[in-house]
Amino acid sequence: MSIPALQARPAWLALKQHHRQLRRVHLRQLFARDPQRGTRLAVEAAGIYLDYSKNRITDETLQLLLQLAQESGLRGQIDAMFRGDRINSSEQRSVLHVALRAPRTARILHDGRDVVPEVHAVLERMAAFARRVRSGEWQGHTGRRIRNVVNIGIGGSDLGPVMASEALKHYSERSMRFRFVSNVDGTDFTEAVRDLDAEETLFIVSSKTFTTLETMTNAASARDWLLAGMRGEAAAVARHFVAVSTNAPEVAKFGIDTANMFGFWDWVGGRYSMDSAIGLSTMIAIGPEHFQAMLAGFHEMDEHFRSAPFDRNIPVLMGLLAIWYNNFFGAQTVAVLPYEQYLKRFPAYLQQLTMESNGKQVTRDGQPVGSDTGPIYWGEPGTNGQHSFYQLIHQGTRLIPCDFIAFARSANPLGRHQDLLLANVFAQSEALAFGKTARQVKAEGTPDWLVPHRVFPGNRPSNTLLLEALTPAALGRLVALYEHNVFVQGAIWQINSFDQWGVELGKALAQRIVPELEGAAEPELAHDSSTNALIRRYRSLK
Ligand code: F6P
């Protein structure tokens, strides 16, 4: 079925019209009109309670957004993904990260072959390996047990493992150290290993392609570092390096025994891979049982997304709300504000997930989208953000929709801390929505000249996600929620959320510049005058 261009969809036009009326309506009015709003515009599924009542919407907005989803063929697009259609059209690939967390009993076909048994075979190999490392049965070359695990990877081969390592620290084996090296800046590697003993260190080289410049450069430095600590014994590499990749020939070329390689498949995008073998460091840290619980959490959200009616479907509602602010209010960003210290790397993880997926300017068939796509996702854990950038969200001139994420129970209950933390998150969404009028400010005895400075306009939208506790399962549900939220947005814009051609040009130009920096002789430069001058200056300074 061909989908009309965005601007030709009746719901899009109706939403434009509707926005003109609604933009003048305040959340104060919407709440005053409907005393049940706070519970009516809320939904609970897969262990997540979403309160979306503090959004600038009415029942009509919701109905029009749902109509937009329907006119955009969202149902068909969801089914196509779960069915394994090649929806990553520019790379001719299926998009089956949902298969990574499917239970053994599921059947998911890719090119006529059920991929679920392969997924579980890799999970079993990972589990066996993780158990051997955790128990000390897997020993380093000199017979010492592994106490340090260093994941080398970048982008999707780093951000998920880093985020999970922080998020699930409470569940991780505290006698081991987990480090992550991603940046080609030598400082990253140097600092990661400076206090480590090579005899007790295992490197996991994680790269889907096994050709990524940063990762291969860091992996080569890791091999040199290891050999330097092992009196140059090349045989040590086999006990201290394993690989996670789809590219067996390149893994073998690097010198890693492919028996110690954990595979995945081209139908897993890098930014959708933290629950594939890319999660090996996570599994070693938290153990196979907790990893399984995380996968079950992902799957629970997948099932909710696949089967819940759209008006009760958390990723669909959040995706449509993101469209509402991005395309009709002109909001450029979404702030993700987790009130949970363990989620401190969650916004960074979401940046790749959301922006590499939806930072696109053309539709799947190569036509200009004709509207803004991918909002900028950013954030910091609360309450730190409150003492930094919240000022702008409350009283600045920009509209910044916020996703607050909070948990009822802390893994580290400590005196009044959790109540104070939760009081803050509830207070922030309340202050953003309702603000403080000039009359209220004056009634407090504020001198007239100060009143404008102390007014909070309010009407600033937010979602609040409330969960019980940050368990492995909860993390899985949360990540899957954002994966599908991104999918919904991409489906409305009819873009391909699963390719990333935008990273290619810079990579190619860097390859061209490398010899110009490294060569002994002054190179003949044919860049623009700015790039030429920067290269010359660098050569003279280095
Ligand atoms: O940044 C581009 C990208 O291809 C990401 O999509 C990917 O996650 C990252 O590079 C790393 O790629 P690889 O796992 O192949 O090293």
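Note that the numbering runs from 1 along the sequence shown for the chain. Atoms within each ligand, like the ligands themselves, are counted from 1 in listed order.
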His170 and Tyr342 aromatic ring geometry - parallel, tilted or perpendicular at 30°/60° bounds: tilted
Contact check, Gln352 vs ligand 1, heavy-atom distance below 4.0 Å: yes
Residue and atom name of the nearest protein heavy atom (relative to atom 15 (O) of ligand 1), distance in Å to one decimal: Thr209 OG1, 2.6 Å
Salt bridge flag under 4.0 Å for residues Lys360 and Asp499: yes
Within-cut-off N or O pair, Ser207 and ligand 1, under 3.5 Å: yes
Ring centres under 6.0 angstrom apart (Tyr482, Tyr349): no
Phe254 six-ring face occupied by Arg223 cation (under 6.0 Å, within 45°): yes
Gln500 contact mode with ligand 1 (heavy-atom cut-off under 4.0 Å): side chain
Proximity to ligand 1 by part of Val503, non-hydrogen separation under 4.0 Å: side chain
Shortest protein heavy-atom distance from atom 1 (O) of ligand 1, along with the residue and atom involved: Glu356 OE2, 3.2 Å
Rounded distance [0.5 Å steps], CD in Gln77 versus CD1 in Ile492: 8.0 Å
Closest approach of any protein heavy atom to atom 12 (O) of ligand 1, naming residue and atom: Thr212 OG1, 3.6 Å
Note: Arg345-Asp158 ion pair, threshold 4.0 Å (strictly below): no
Subset of ligand 1 atoms that lie under 4.0 Å from at least one heavy atom of Ile154: 9 (C), 11 (C)
N or O pair under 3.5 Å between Gly156 and ligand 1: yes
Arg239/Glu233 salt bridge by N-O under 4.0 Å criterion: no
Verdict with reasoning, Asp185 to Thr187, per side chain to side chain donor-acceptor pair (under 3.5 Å): CA-CA 5 Å; Asp185 181 337; Thr187 297; 3.2 Å; yes
Geometric N/O contact Ser206 with ligand 1, under 3.5 angstrom: no
Sub-4.0 Å atoms of ligand 1 with respect to non-hydrogen atoms of Gly270: 8 (O)
